[in-house]
Visitor: 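Pasting in a structure now, in structure tokens, and then I'll have a few things to ask.
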Amino acid sequence: MLDRKFIFENIDAVKENCANRNLNIKLDSFVELETSRRAKLQESEELNQKANAASKQIGKASDDAERESLKEEARKLREQKGAAQEEHDKLAEQVLAIQKLVPNMAHPDAPIGKDDKANLKISDGKTPPRKFDFEVMDHLELGQHHDWIDFEGGARTTGAGFYFLKGELVLLDLALQQFAVNELVARGFTPTMTPDLARNSVLEGIGFNPRGPETQIYSIEESDISLIGTAEITLGGLYSGETVSDEELPIKLCGISHCYRTEAGAAGRASRGLYRVHQFTKIEMFAFTLPEESDKVHEELRQIECDLFDAIEVPYRVVDTATGDLGGPAYRKYDLEAWMPGRGDAGEYGEVTSTSNCTDYQSRRLNIRYKKKDVKGTNFVHTLNGTAFALSRALISILENHQNADKSVTVPEALRPYMGGREKIG
RNA sequence: GGAGAUGUGGCUGAGUGGUCGAAAGCGCCUGAUUGCUAAUUAGGUGUACGGGUCAAACUGUACCGCAGGUUCGAAUCCUGUCGUCUCCGCCA
């Protein structure tokens, strides 16, 4: 969330940002409520001060009569303080409710527009889309042909939208994971396997809402934990409440986890096969940085995503996400959209990765700070996340782009060392 | 899952309901001193949110895992919760 004081002092900029993001939030009442809250806080603190002073006298009182009268005075002051405090807390609650709704400010260079149509393409990958001299299959047809993907079995055992991965496709999946992890370790990331469940408070800190009709989150009954939708949740939670030294920054983690999403309300979206599923594996990048370094690290994450998809020879484009299409916590977001020749009528781009700079929006809620040596006080770190590979979609991009006329699939060279040197599957 | 113990500042570790934001030691910072690679010594050393100031000084409130409660007053008493440790059980 944004800083209360920042919103208060920059109300016009915040309003403009909400408008750019196509959000309607009642910010006028925020200013009123916050003004009264501050007044009440001061009132309550002053009364408390008087009460504290009176209480201190009681211990020093010389006789019982004096003690009793002091007690009475202190009791009255506490009562008044309690009343003021209660009013303050009510106001604070209302302020916080609005504060939580306010999205992060957007990067000044982020394209302004109300939805994804305003996203700005900024570059293409190294691999150009291929010209096929045979009729392409989509990943699901290929997968079913080779008995690599079994949605029927998934539905039978678990439910619609679940699947089994089998045979050589599993080997390809594992190769992708190992390749990505090795690349990230070489770039200074700490490989981190996280829990697949997290406390609801952590989900909320990252910006997910675990309950409610529109939630994307599976929650565990009679508990306050939920299945994670991304390792971003657990990796951010890992440092919640911590104050790190500036010398430790940047902290770069490579998360390996399963991701669970209900995909409520997603019916009807272009989502055949593995594109939109309830469970998938993801190799995730996460970074904690100094505020002045987050833009730089964001570019680095974007470059890594490009390098990975260049390495597996998949055509893609990079888009700078428009303000209206940014998630609440994101200050700026880049998506990689891979060319999926089997998608739609004649191939379509589909999102395969996403990297966001969330500045201090998440760290404020999670209370993750850094301290500079020899400087008084602490500040909030910046958090960033980016997908290395969401395995389900990475597999789609490989199957569809590297398919051959005989229905086999060529293994990208970069992955062969992780597949015993094998050049083809199927 | 059962039984018990425990949670204090960067660390170790005291703390009878009032004088405790908290002893002491270690660490760290600053100064002094001794010529020897360190010792001795004096002082300082938390965070957040306010007020104040050009900036400081100064000052208010809160914080002893977290959340409540009792009380004029809570690190100290009570309840809940989370974490840690030990023993038993079970188990990959």
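Chain A is the first sequence line, chain B the second, and so forth, proteins listed ahead of strands; every chain is numbered from 1.
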Visitor: Watson-Crick or G-U wobble partner for rC63(B), using a 3.5 Å limit on both distances?
Guide: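 rG46(B) - that is the nucleotide pairing with rC63(B), both distances being under 3.5 Å.
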
Visitor: Tell me every residue that passes side-chain contact (heavy atoms from CB on, under 4.5 Å) with D325(A), counting only those two or more places apart in sequence or in another chain.
Guide: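 side-chain contact (heavy atoms from CB on, under 4.5 Å) check on D325(A) returns D116(A), N119(A), T321(A).
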
Visitor: Would you indicate which nucleotide in rU47(B), rG60(B), rG50(B) comes nearest to any side-chain atom of E45(A)?
Guide: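 Of the candidates, rG60(B) comes closest.
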
Visitor: Under the side chain to side chain donor-acceptor pair (under 3.5 Å) rule, collect the residues that match up with E45(A), sequence neighbours excluded.
Guide: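 Per chain and number, E45(A) pairs via side chain to side chain donor-acceptor pair (under 3.5 Å) with no residue.
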
Visitor: Answer with base, sugar-phosphate or nothing: what part of the nucleic acid does R369(A) contact at a heavy-atom distance below 4.0 Å?
Guide: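 Sugar-phosphate, backbone atoms only, no base.
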
Visitor: rC63(B) P sits how many Å from N48(A) CG, rounded?
Guide: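 Result: 9 Å.
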
Visitor: Ignoring the backbone of K371(A), work out which of rU47(B), rC72(B), rA62(B) is nearest its side chain.
Guide: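 Of rU47(B), rC72(B), rA62(B), rU47(B) is nearest to the side chain of K371(A).
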
Visitor: Looking across every strand, which nucleic acid part, if any, lies under 4.0 Å from S44(A) by heavy atom: base, sugar-phosphate, or nothing?
Guide: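 Nothing, no heavy atom under 4.0 Å.
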
Visitor: State yes or no: are the ring centers of F164(A) and F162(A) separated by less than 6.0 Å?
Guide: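 F164(A) vs F162(A): aromatic centres not under 6.0 Å.
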
Visitor: Distance check needed: rG18(B) P versus R75(A) CZ, whole Å only.
Guide: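 After rounding, the reported distance stands at 19 Å.
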
Visitor: Would R261(A) and Y218(A) count as a cation-pi pair here, with the cationic atom under 6.0 angstrom from the ring centre and within 45° of the axis?
Guide: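 Judged by the rule (NZ or CZ under 6.0 Å from the ring centre, within 45° of its axis), R261(A) is not positioned above Y218(A).
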
Visitor: Give the nucleotide from the list rU61(B), rU47(B), rG50(B) with an atom nearest to the side chain of N52(A).
Guide: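 So the nucleotide nearest the side chain must be rU61(B).
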
Visitor: Searching all strands shown, indicate the nucleotide that pairs with rU70(B) (Watson-Crick or G-U wobble; both distances under 3.5 Å).
Guide: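 Its partner is none (no Watson-Crick or G-U wobble pair with both distances under 3.5 Å).
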
Visitor: Taking the C1' atom of each, how far is rG7(B) from rA48(B), in whole Å?
Guide: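 Between the two C1' atoms, the distance is 22 Å.
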
Visitor: Out of rG73(B), rG50(B), rU61(B), which has the shortest distance to the side chain of Q42(A)?
Guide: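 Minimum distance to the Q42(A) side chain belongs to rG50(B).
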
Visitor: Can you tell me how far C1' of rG73(B) sits from CZ of R78(A), to the nearest Å?
Guide: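 To the nearest whole Å, that distance equals 6 Å.
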
Visitor: Roughly, in whole Å, what's the span from CD in E79(A) to C1' in rU70(B)?
Guide: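 In whole Å, rU70(B) C1' lies 15 Å from E79(A) CD.
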
Visitor: Does K5(A) reach a base, just sugar-phosphate, or nothing at all? Heavy atoms under 4.0 Å.
Guide: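 The answer is sugar-phosphate, as K5(A) gets under 4.0 Å only of primed atoms, P, OP1 or OP2.
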
Visitor: Distance check needed: rA62(B) P versus Q49(A) CD, whole Å only.
Guide: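 To the nearest whole Å, that distance equals 9 Å.
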
Visitor: Using atom CD of E43(A) as one end and atom P of rC49(B) as the other, report the distance to the nearest whole Å.
Guide: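 For the pair E43(A) CD and rC49(B) P, the rounded distance is 23 Å.
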
Visitor: Would you sort out whether F288(A) and Y239(A) count as a ring pair (Phe, Tyr, Trp, His ring centres under 6.0 Å), showing the intermediate values?
Guide: CA-CA 9 Å; F288(A) 302 91; Y239(A) 280 85; 4.7 Å; yes

Visitor: T378(A) side chain N/O closer than 4.0 Å to the phosphate oxygens (OP1, OP2) of rA48(B)?
Guide: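 For rA48(B), OP1 or OP2 has a side-chain N or O of T378(A) closer than 4.0 Å.
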
Visitor: Can you identify which nucleotide, out of rG60(B), rG18(B), rG83(B), has its nearest atom closest to the R199(A) side chain?
Guide: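 Side chain of R199(A) sits closest to rG83(B).
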
Visitor: Write down the partner of rU84(B) under the Watson-Crick or G-U wobble criteria, each distance required to be under 3.5 Å.
Guide: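 rA5(B) - that is the nucleotide pairing with rU84(B), both distances being under 3.5 Å.
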
Visitor: Calculate the interatomic distance between K56(A) atom NZ and rU71(B) atom P; express it in whole Å.
Guide: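 Distance, rounded to whole Å: 22 Å.
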
Visitor: Can you tell me how far P of rC49(B) sits from CG of L41(A), to the nearest Å?
Guide: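 Atom-to-atom, L41(A) to rC49(B), this comes out as 13 Å.
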
